[in-house]
Amino acid sequence: MLKICQEKNLSSGDRPDIKNLTPEELSAWLKDNGVDAYRTRQIFKWIYIRNADRFEDMTDLGKDLRARLAATFSIPRLAVQKVETAGDGTSKFLFRLSDGAHIESVLIPERDHDTLCISSQVGCAMGCAFCRTARGGFIRNLTAGEILSQVRDISRLAPDRRLTNVVFMGMGEPLANYENVVNALKMMTENDCGMKFSSRKVTVSTAGWVPKMMDLGKDTRVSLAVSLNATQNETRDLLMPVNHRYPLETLLEACLQYPLPPTRRITFEYVLLAGINDTPEDARRLSKLLAPLRAKVNLIPFNAFEGAAFHRPEEARILNFQNILMKKNLTAIIRSGKGRDISAACGQLAANAMMRRAECRSKCHPSP
Ligand code: SAH
């Protein structure tokens, strides 16, 4: 279904997004066209630093090269369908992609900077029981260009914000879209012609897609977050189907082996669900599980959405859980669920995925 949508798109004469190219790929294209590969730097600087929208504006390139680039590639922006801003300053952006699919990104104000939470897929295949995105199932991977566009376009839409941090905690499982995510990460953290984000301030969050964790540590120096969410396999099996494939022991062993840069820690996310994983025993088990690791914990009290079968624990229970971890010398921060009034908090992103899928289906296969 999706392939047909994309083919339709291509056949409508769209030129490929240049942001999908790695520097090596653009250099190869330049070489094939008899142009020195060093022009790659200039072109990407125009795109990622100077925010150019048109090849013809790239005044330090020859006219002929500009024309050839324009005839071959495009520098698309995402179509903004809706922007909502919450009382606490959190903004949620709904984007419409070129095939009609939708994704959401969230800009979160912190004390002295802003963090952008971006999506890596349309929908998600992980099927976590407490996550709204999971309800619509998986639709498709985002391209590297679409991932980068969320950052590039929002920096431009919100120029007065201090965007220093990016987290892959929106829709999708980033490690299940490995190649595109890593190519995007490289451009985000590239220090010469890329977006120049500090690797430490870019965080990839995974549900525990073990086979790609080691690769991420080898291919990049970005920060890693792991959504643990339970301390026993029986509970984690129920909450996160990925646990059947990569159970706690396998996941924690992968964390132990992870090539963590010297002064860094792995962040473990733990969604607190009343009566499911929020007991003092859970807190003690969690501290034991993490003891061999350089770890810190983000406690995320469940963010409710319509039809959800879970509840947020009472405040006292959340604080008690945190206290137990801190007494065991674990850094544990409670994530306050910013943007809850506009459904922008962790795990609430959905962009009405099911509806979009139906829309895409009817466009690709119109009923007679
Ligand atoms: N697939 C990746 C990234 C997307 S989810 C992952 O699993 O890490 C980002 C974070 O939101 C995860 O830690 C997840 O456990 C959490 N989350 C999902 N739904 C939530 C909800 N309803 N309330 C609170 N946190 C939620």
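Index from 1, following the sequence. Hydrogens, waters and symmetry mates are skipped; everything else that's a heavy atom, side chains included, is used. Indexing begins at 1, ligand by ligand and atom by atom, following the structure's order.
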Q | Nearest heavy atoms of G123 and M171, plus distance in Å | A | N-CE, 3.9 Å

Q.
Using every non-hydrogen atom in the two residues, find where L116 and Q150 come nearest and quote the distance to one decimal.
A. CD2-O, 3.8 Å

Q) Can you hop from F130 to L238 via hydrophobic side chains spaced under 4.5 Å? A)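 No, because F130 and L238 fall into different hydrophobic clusters, even though each may have its own neighbours under 4.5 Å.
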
Q | D99 and R140: CA distance, side-chain angles, deciding distance, salt bridge (Lys or Arg N to Asp or Glu O under 4.0 Å) verdict | A | CA-CA 11 Å; D99 64 353; R140 70 167 171 91; 2.7 Å; yes

Q: Kindly compute the distance separating CG (N229) from CZ (F268), expressed to the nearest 0.5 Å.
A: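 Atom-to-atom, N229:CG and F268:CZ are 11.5 Å apart.
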
Q: Using heavy atoms and a cut-off under 4.0 Å, could you grab the residues that are in contact with ligand 1, chain by chain, numbers ascending?
A: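 Protein residues near ligand 1 are F130, C131, F168, M169, G170, G172, E173, S205, T206, A207, S227, N229, E269, V271, I300, F302, N303, F305, C346, G347.
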
(Q) For the CD atom on E306, are there more than 12 heavy atoms of other groups (residues, nucleotides or ligands in this structure) within a distance under 6.0 Å? (A)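 Atom CD in E306 is not packed in, count stays at 12 or less.
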
